[in-house]
Amino acid sequence: MSNFTSADTFELAGRPVRRMGYGAMQLAGPGVFGPPKDRAAAVAVLREAVVSGVNHIDTSDFYGPHITNQIIREALHPYRDDLVLVTKLGAIRDDKGAWLAALEPADLERGVHDNLRNLGLDVLDIVNIRIMGDIHAPAEGSIERQVTALAELQQRGLVRHIGLSNATPTQIAEAQRIAPIVCVQNQYNLVHRTDDALVDALAEQGIAYVPFFPLGGFTPIQSSALSQIAQTLQATPMQVALAWLLHRSPNLLLIPGTSSLEHLRENLQAGDLRLSDVVLAELNAIGTTGSVNH
């Protein structure tokens, strides 16, 4: 099991969080809809994550919907003082599990209250506005109304800090003119590096970047190359992909998700995987082979 040190932290909304966090999305049923097959197992994964040193958990009330937050409350409430729960708004689910945009100010206020109720909180630590964009890729368009609405909820004391998900640099700058932004959550990994410049720009501002899909968008050739490197390191491809992200920039906070205790332990062990300059060069080269970058 991974043992974290102080060097593995980054300041998020004024609080030191360990860079290896946990994403709760997979605690819901298939397709992030409905209850899990084994609720007790989901509770056990959350409790072990926190015992193992995780103090940054990513969630949303539209996971399930409601179910993931209710499991978090069952497992961890009352919450430890050092635990930072980050949730997101911007979607709802219909009765068949489809994802529908919910970005009107009234939708955002309703989403805040749903998260508060199901997490058992009076105020949310951090709320990300999930901009629908192009599903897993940002698309330009003003987000002034959404950020203004959330900033008003912040002024009312329901939200402490604001973040963005699936956002472009232009949208981030627009949001920062309205309210401080403490984190950005976008797709980013070894081969999907469209946000390289954004990662560095946010690091200079002391803003956390939270990548999702650490193995998303790999071609078969890229996956094969990663697997070969992982084999030489006696690690899994996921562990190597996570370790690369940790090496990439100190402001990257990881939120790998799983409903399995075994996979949780494997993911946390990625924090102990040290990559030599030679291995890092080999990994960086993978991103230029059959690249899917734009």
Side-chain angles (χ1 to χ4, degrees), residues 1-13 15-26 48-50 52-58 82-84 86 126 163 165 182-218 222-223 225-258 263-287:
M1 192 170 297
S2 183
N3 294 312
F4 295 104
T5 67
S6 59
D8 296 310
T9 66
F10 184 81
E11 190 171 286
L12 177 62
R15 299 165 68 183
V17 300
R18 293 179 172 96
R19 294 182 60 211
M20 187 66 77
Y22 175 78
M25 183 172 71
Q26 293 187 36
E48 176 146 339
V50 171
S52 300
V54 168
N55 64 349
H56 168 212
I57 294 178
D58 179 84
D82 68 335
L83 181 63
V84 177
V86 181
I126 302 172
S165 178
V182 299
C183 57
V184 173
Q185 186 181 109
N186 281 7
Q187 182 178 4
Y188 182 80
N189 58 42
L190 178 60
V191 303
H192 191 282
R193 299 184 60 175
T194 306
D195 274 0
D196 263 339
L198 178 59
V199 168
D200 296 334
L202 293 176
E204 291 178 1
Q205 298 179 60
I207 296 174
Y209 184 104
V210 185
F212 58 77
F213 293 141
L215 288 179
F218 281 59
Q222 291 167 333
S223 294
L226 176 61
S227 295
Q228 290 176 13
I229 293 172
Q231 189 173 13
T232 64
L233 295 173
Q234 296 184 312
T236 68
M238 175 64 96
Q239 286 175 324
V240 177
L242 294 173
W244 180 85
L245 287 166
L246 290 172
H247 281 73
R248 169 61 180 83
S249 181
N251 67 321
L252 264 64
L253 302 181
L254 310 191
I255 50 168
T258 179
H263 290 157
L264 171 69
R265 292 163 185 158
E266 287 182 357
N267 290 341
L268 296 181
Q269 287 166 2
D272 298 327
L273 191 59
R274 300 294 175 250
L275 305 178
S276 69
D277 290 342
V278 171
V279 171
L280 283 171
E282 292 175 350
L283 289 169
N284 287 330
I286 292 175

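Residues Leu190 and Asn284 approach most closely at CD1-N, 4.3 Å, considering heavy atoms. Taking each heavy atom of Ala208 and Leu12 in turn, the nearest pair found is CB-CD1, 3.9 Å. When all heavy atoms of Met20 and Asn267 are compared, the pair lying nearest together is CE-O, 3.4 Å. When all heavy atoms are compared, the tightest approach of Leu254 to Pro211 is CD2-CG, 3.7 Å. Residues Thr258 and Gln26 come closest through the heavy atom pair CA-OE1, 3.7 Å. A pairwise comparison of heavy atoms in Gly216 and Val191 identifies O-CG2, 4.2 Å as the closest pair.
Although no hydrogens or angles enter the test, the distance criterion places no donor-acceptor pair under 3.5 Å between the side chain of Arg19 and the main chain of Phe10.
When only modelled atom types and interatomic distance are considered, Trp244 and Asn189 share no side-chain donor-acceptor pair under 3.5 Å.
Listed by chain and residue number, Asn251 satisfy the side chain to side chain donor-acceptor pair (under 3.5 Å) test with Ser249 (two or more places apart in sequence, or in another chain). Looking at residues two or more places apart in sequence or on another chain, you find a side-chain contact (heavy atoms from CB on, under 4.5 Å) between Ala235 and Leu233, Gln239, Val240, Leu273. Residues meeting the side chain to side chain donor-acceptor pair (under 3.5 Å) test with Asp196, sequence neighbours left out: Tyr188, Arg193, Arg248. Looking at residues two or more places apart in sequence or on another chain, you find a salt bridge (Lys or Arg N to Asp or Glu O under 4.0 Å) between Arg15 and Asp125. Remark: Asn186 engages Asp195 in a side chain to side chain donor-acceptor pair (under 3.5 Å) (not counting sequence neighbours). Partners of Glu204 according to the side chain to side chain donor-acceptor pair (under 3.5 Å) rule, which considers only residues two or more places apart in sequence or in another chain, do not exist here.
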Stepwise side chain to side chain contact (heavy atoms under 4.5 Å, CB included) test for Gln185 and Ile255: CA-CA 10 Å; Gln185 186 181 109; Ile255 50 168; 3.8 Å; yes
If you apply the rule side chain to side chain contact (heavy atoms under 4.5 Å, CB included), what do you find for Leu253 with Cys183, and how did you get there? CA-CA 9 Å; Leu253 302 181; Cys183 57; over 6 Å; no
Worked check of side chain to side chain contact (heavy atoms under 4.5 Å, CB included) between Thr9 and Asn55: CA-CA 10 Å; Thr9 66; Asn55 64 349; over 6 Å; no
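Phe218 places none of its side-chain heavy atoms less than 4.5 Å from the side chain of Pro237. Taking 4.5 Å as the limit, some side-chain heavy atom of Pro256 sits within range of a side-chain heavy atom of Leu242. Contact check for Leu246 versus Asp8: no side-chain heavy atoms found under the 4.5 Å cut-off. Two residues are said to be in side-chain contact when any heavy atoms from C-beta on lie closer than 4.5 Å; Gln228 and Ile286 fail this criterion.
Annotation: the span from Leu215 atom CG to Leu226 atom CG amounts to 6.5 Å, rounded to 0.5 Å. We find the CD-OG1 distance between Glu266 and Thr236 to be 5.5 Å, quoted to the nearest 0.5 Å. The distance from the OG atom of Ser52 to the CD atom of Gln269 is 10.0 Å, given to the nearest 0.5 Å.
Around the CD atom of Gln234, the shell of radius 6.0 Å holds no more than 12 heavy atoms that belong to other residues, nucleotides or ligands.
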